[in-house]
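Reminder, nothing fancy here: chain letters follow the sequence lines and each chain counts from 1. Everything quoted here is computed from the prediction, not taken from an experiment.
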Amino acid sequence: MADPRIPAPANVETTVLGADEIILNMGPQHPSTHGVLRVKLRLDGEKVVGSECVIGYLHRGVEKIAEHRTYTQFAPYVDRMDYVAAVSNGLGYCEAVEKLLGAEAPPRARVVRTILTELQRIASHLFWLGTHALDIGALTPLFYCLREREEILKIFEHYCGARLTTHAFRIGGLQYETYDGFERDVVQFCEPFDKRVDDYEALLTSNRIWLARTKGIGVLSAKDAIDYGASGPVIRGSGVKWDIRKAMPYAAYSDYEFEIPTGENGDTFDRYMVRLEEMRQSRKICLQAVAKIPAGPIMARIGKVLKPPPGEVYHAIEAPKGELGYYIVSDGTTQPYRVRIRPPSLINLEAFDKMVRGHLIADVVAIIGTLDIVLGEVDR
Amino acid sequence: MANDSEEKQPAATPPGEKPEAPAHPASPPAAAAGATPPAKPAAPVAAVPPKPAAPAGPKPAPLDNELTKRYKSKFGDAILETWTDRNQAILVVARQKLAQIARFSLKDEEFDYLADLTAVDWPRREKRFDVVLNLYSMKKNQRLRLKVHVTPEEAVPSVTAVWSTANWLEREVYDMFGIIFEGHPDLKRLLLPEEWQGYPLRKDYDILTQDTAWVRENLGIESGQ
Amino acid sequence: MMHLLQTSLEALKPFLLPLIFAVTIVAVLPLIAGYIVLMERKVMAHMQVRLGPMRVGPHGLLQPIADAVKLLLKEDIIPESADRLVFWLAPLLTVTTAMLAMAALPFGPGFQIADLNIGLLFVVGISSMGIFGIVLGGWASNSHYSLLGALRSAAQLVSYETAGGMAIVGALLFAGTLSLRNIVEMQENLGVWFIFAAPVGFFIYLVASIAETNRAPFDMPEAESELVAGYMTEYSGFRWALYFLAEYTNVVVVASIATTLFLGGWLRPFPHTHALDFLDEFPAALMLGLAVYSLYRAPKQPVLIQKLVMVLVAGMFAAFAVILLAPMVATHVAGATSIAMMVASWKPALLGGFWFLLKIFLYIYLFMWLRFTFPRYRFDQLMRLGWQFLIPISIVNVMAIGLGLALHRVWGWPRGLALITTTLITLLIAAALAHTGEKKEGSEAMVGEFWGSGRDA
Amino acid sequence: MLDRVLFDLFAGLAILSAILVVTRRNVIHSAIFLITALLATAGIFLQLHAEFLFIVQIILYVGGIMVLFIFVIMLVNLDVALHQMQFRRQWWVGLLLAIALGAETVAAIYIGRLSLPGPNSAPPATALEPNTELVGRALFTGYMLPFEIASVLLLVAMIGAVVMAKRRT
C-alpha cells in the first residue's frame, strides 16, 4: 500500500488502455538489456508510445556497506559497481579519499594510473561496441573487439593479478610497481590498435544497414542532454564539448594533449562515432604517457590508518560511461560516514524514455545499447 | 594540492583566506561526536582530538566571495551559511526557498547541470537530514553544493522542474531515506520493491535488518543470516 | 491374381525411376542440411577469428550427426494452451513443401525426378506455400512473441516472393520455356548463362531469395534480440529440427533455382570452347586435392579415432575422384568394351551433377558471407526495401529485357549490344529510384508512423 | 486403373474437407480444410493433364488468397468474436437456400446426363500438349482485349486498396 504521506498524484489520469495499446515486458531476463533491467514498453502496434524502466534487481546496498568498512577496506567494493570498467572506478574512489586526506599520489603513480585508466576506457568501449553491434544483428564485430580487449586484460592480469575487478590502485598511490616489460606490452598493444579501429569502421561505418539502423535513432538534443544530466559519450554525442579530463584535469591528464570528439545531432550513429574516436584518443594518451613514466616513489606517505579530518568532498572523474562522482563525508573516524556514488549509467538511463518514444521495438534494443549502461552501476 | 589548484574553485580561494598550512592539527569539529551539536555542523566541540598521525587535511572554513554575496543579496537570510571545504563551495540554504534558489542558480548563475542529488543522515541532529545538491556550470566550469537541513516530517520542494535529472535522484533519496519531495511527478521507490518497509540508508537501520515480512511473503524464505 | 499384379506393375513402371530419385533426395537431404549447418558454423567461426566446432570428429566433421541425435533425444514440449492439431501440422507443412519443391529441380542432365513442362512455376508455387507452416506455427503456439514473429515473416515472404517472381520472369524471357531442363539446354544452345544476359534480374533474385528463406540480414522473424526466436519460440526437440530442416532445404531449393536459371545448371563453364576442356578433369582434380589434404591433416589430429575418421574422409574423397575420372579414362583403359562405353556415357551425368552441386555450394557460401557481415534490417526498412525498391526494379527489368529482345529480334540489333543497353537502362532507373527514396527519407524528421519509414541512407 | 484410384482419392478428399470446412468451430481448422479442398481440386486438374491450371490453382488460391485469409484471421483474432454472437435465428434462410441450390445442381446433371462419360470410361487418353504455351498464346492473341481490361480493373482495385489503407493509418 502506498506511503500515506504521499498525496495520490492528481494529474495521472488513469489511462484506459487503448483498444490496441499493449504492454510488452522486456526483461529482466532479456538477451539485450545488458543486465537485469526491466523495461515496460507501452506499444501501439510496434511503435513505442511510452516506457518505464524498473531497476533494482542488482541492488547490493554498496553505500550502506561503505559506512561499515574502513576507507581501504571499501576500495574492492568500488570495482563491483561498473564491473566492465573497474579500474576507473578505483581511480575515482582513491582520488576522492586522497582529496579528503589532503594528500596526493606521487607523479609516477599518477602517470601509471592514467595509463591503466585509459586502457580500461578502451576495453570498456570495445565491450560496448561488440555487444551493441550484436544487438543490431552484426555478429562479427563482437569477436574482433573481444580479441583486442583480451590483450588489455592480459596487461591488467600481469600488473595486478586480476582481469576484471582489478582493485589496481590504493589510496595514496599504487600497490605494485609496474612489472618490467609493462611499457613494451602497452606499446605492443597501442601500435597496431589504430588499424584495428579502422577494421571496425570498415565493417560498420559505411555499411548501409548499420546506417539505416543507427542514423536518426534515439535522438537526444544538447539542451535535453544537459537537462537530463547525461554525461560521457551520451552528452558529447549531442554536441556538448565537455570532458572532465579537460575541464577539471585529475591524475596526469593535464600533461597530455588529446581532442574531445563530439557528434552533431545526438543520434545513435553520432554516439557510435564519438566512442570510436575516444578509443583512438585514449591510445594517443597511452602512447604519450608510456613514453616518459617519471621515476620515484609509487605511494604517498599517508600512513597505515587513514583518519581524514571531518568534512566532505565531491570528486568526479570521466569514467567510460560518463561523470563518475564520489561524495564522501568523513566524521574523523577510520570509517567513512557517508559515501555517495554518482552512477553515470543510472542518470544516462533517465533519458531513455524520452529517446525511445516513437521508435519501433527493434530500436529499443539499439537505444539501450547506445546508452552503454551497466546494471551493476545502475543498481549499486 | 597540485591538481586541485587547476580545479577552478568559485573565486579561486579568496586571497588571504587560503587555509593555513595543514601542519597544525585540525580542530576536532567532529559533529557526530558532539552531544547536542549546535546548528552549524562544523562547530568545534571538544571531542577526542583525532591522532594527528594522518596529515590533517584542510578544515572547513567560512567562505565569502562574489557568488555568496550575489546569493545573499538575492535571498538574504535564506542563505543560512556559506562554507568552503577542501576547496569546494557549500551553501546551506533554507528549505522553503530551495525551489527559488534552484531556479535562480539555473537561470542567473548558469549552474545548468545537476551533477548529483543525495542526502546524509545525522541522527543526533534535530534537523536530521542533509539534502545535498551538487551543481555544475558548463560555462563557468564551476561546482557548487547546496545543502538543506530537514527533519523527517518536513517535505523538501522538488527540483525536478528545474533539472529533469532530479526525477530518479529524488526517488532514490526517498527510497533510501524516506524524505518526501513535494511536487515530484511520480514519487515511489526506485531500487527497492514498492511494498518494502523501512529506509535502508538511515543510520538507525542496522545493516543486518531486512524487511522480513516482504522477504518471507515474496521470496518464500525465512530471511535473516 | 497374377494378372492384377502384372497390370499394376505395368502401371507403376514409369514411376519407378523418379521414385528412386525421390527416395535418394529425401534420404540425403537431412544429411546435406546437417553439413550445411556445419559449414555455416565453421565459415562463421573462421570469419570471426575463432575455430568453430572442433571436438566432435576431426575439425567437427561429425558435429551434424551429434546435433541430429541431440535433437531426436530432446524433449518435445507442446505448450499447454497451444492448438494441438495445428501445432503438429505446421512444421510438417513447411518440410513437405520444401521437399516437394525439389521434385522439378534438374541435378544433372539425367538426374531429375520429374521434368514438368511447368517446372519453374511448380517450384515457385510450392515454395510459396511454405508460408502456411510458419504462419500456422506462430499462431498455434499461442504466445505473443510467436504471433508477432509469424505475422512479420508472412508479410516479408509475400512481399519478397513478388520481387523474386518478377526477377525470374526476366530470365524466362530468354529461355522461352518453363521446363527447367529446357532452360538449361537453352543456355547451352545460346552459349551464354542468363546471369550475363539479365544481371539485374540475378541480383534482385539473390536479395529476394535471402529474404524468402528468412536469413540475415533479413531474419527479422526470429531476430534474437527482440522476439527471442519468432515463430519457433515454442517449438523444441524434433519439431524444431523439422523447421530447421525446412529452412535449409529452402536454402538449397532457392540456390538450385538460381543455379538452373542464371548460372547454367549442370553446364560446365564455357561448355563449347574446347580450349577449356581440361575443366572436365577439374572435378576429379579437386576431389584428389581434398583427399591429399585430409591425408596430410590426418596425423595432426589429437585423438586416434579422429585420425581414423580423417583417413576415412580422405578415402571418400579419393573414391569420388575415381568416380569422376572414370568416364574420361574408361575408353583408354578398357578399350571399346560395352562396360567402358556405358561408363563413358555417364560422363555428362556425373560431371553435370558435380558442377550443379558446386554452383549451389558457392551460392550458399554467398548467403553465409552476407549473413556474417551485415547487421539486421529493421522490419519496416525491410518492407520498404521490398516494396518501394525491389519490386519496381524487377518490373522495369522485365520490360527492359523485353525491349532488348525486341531490339534484337525485330530491329536486328546485335544481341550483345541490345542487352547491354537495356541493362544500363534498368540500372539508371534503379539509381534514380534509390535516390528519390533517400531524398524522401532525409526530409522526414521523425521516424515514421506504424509501418514507418525508418532511415535508409 | 491408377487414374481411377487417384480420382476417387482426390474427389473424396475434396468433398470431405469441404464438409469439414463448414462444420469446424475453430476458424483456423476450417481454413486449413479449405486449403486441402483446393489442393484436392488442383490434383484433379493435374489428372486431366492441365498442369497450368494445376499450378495456377496452387499459386493463386492456396498461395495467395488463403494466405490473406489466415492473415486476416490472425490479425482480427476471430476466436474471440466467434464465441460472442451466434446467428441462431436465421438457420431456416440457410436451409431454404441449400435446398434451392441442391435442386438446381441435380436438375443440371439430369439434363446433361447424356454427354457425361460413362462410369468406367478412361480419362481422355491424348494428353493435352503443354498448355502453358497454348494459354499464353491465346491470351495474347485471341483474347487480347479482355486481358487488358482485366489488368486495368486489377490495377484500379489495387490503387483503391492502397488509398483505403493509407487513410486508415
Ion pair present between [X] and [Y], side-chain N to carboxylate O less than 4.0 angstrom?
{"X": "B:Asp85", "Y": "B:Arg145", "value": "no"}
{"X": "B:Arg202", "Y": "B:Asp204", "value": "no"}
{"X": "B:Asp121", "Y": "B:Lys203", "value": "no"}
{"X": "A:Glu98", "Y": "B:Arg86", "value": "no"}
{"X": "A:Glu312", "Y": "A:Lys99", "value": "no"}
{"X": "A:Arg60", "Y": "A:Asp379", "value": "no"}
{"X": "A:Arg42", "Y": "A:Glu52", "value": "no"}
{"X": "B:Glu154", "Y": "B:Lys127", "value": "yes"}

Q.
For A:Asn348 and A:Ser345: C-alpha separation, side-chain torsions, deciding distance, then whether side chain to side chain donor-acceptor pair (under 3.5 Å) applies.
A. CA-CA 5 Å; A:Asn348 288 349; A:Ser345 299; 5.9 Å; no
Need one label for [X]: side chain, backbone, both or neither, based on atoms under 4.5 Å from any heavy atom in chain B.
{"X": "A:Thr333", "value": "neither"}
{"X": "A:Tyr327", "value": "side chain"}
{"X": "A:Glu63", "value": "both"}
{"X": "A:Val313", "value": "both"}
{"X": "A:Leu58", "value": "neither"}
{"X": "A:Val240", "value": "side chain"}
{"X": "A:Ala351", "value": "neither"}

Looking only at A:Ser330, A:Gly325, A:Ala230, A:Ala252, most heavy-atom pairs under 4.5 Å shared with chain B are made by A:Ala230
Atom group of [X] that falls short of 4.5 Å from chain A, counting heavy atoms:
{"X": "B:Arg189", "value": "neither"}
{"X": "B:Glu182", "value": "neither"}
{"X": "B:Asp175", "value": "neither"}
{"X": "B:Val162", "value": "backbone"}
{"X": "B:Ala119", "value": "backbone"}
{"X": "B:Ile90", "value": "side chain"}
{"X": "B:Asn167", "value": "both"}
{"X": "B:Leu192", "value": "side chain"}

Open item on the list: So that I know where these two stand, are B:Phe177 and B:Tyr174 an aromatic pair - ring centroids less than 6.0 Å apart?
Closed with: no
One option among B:Val132, B:Leu114, B:Asp116, B:Leu169 has the most heavy-atom pairs under 4.5 Å with chain A, and it is B:Asp116
Assert top hit (heavy-atom pairs under 4.5 Å, partner chain A, pool B:Trp163, B:Trp168, B:Tyr136, B:Phe181) equals B:Trp168
| task | Dump the intermediate steps for side chain to side chain contact (heavy atoms under 4.5 Å, CB included) on A:Arg380 and A:Arg340, then the final yes or no. | result | CA-CA 10 Å; A:Arg380 282 179 316 282; A:Arg340 155 68 182 172; 3.8 Å; yes
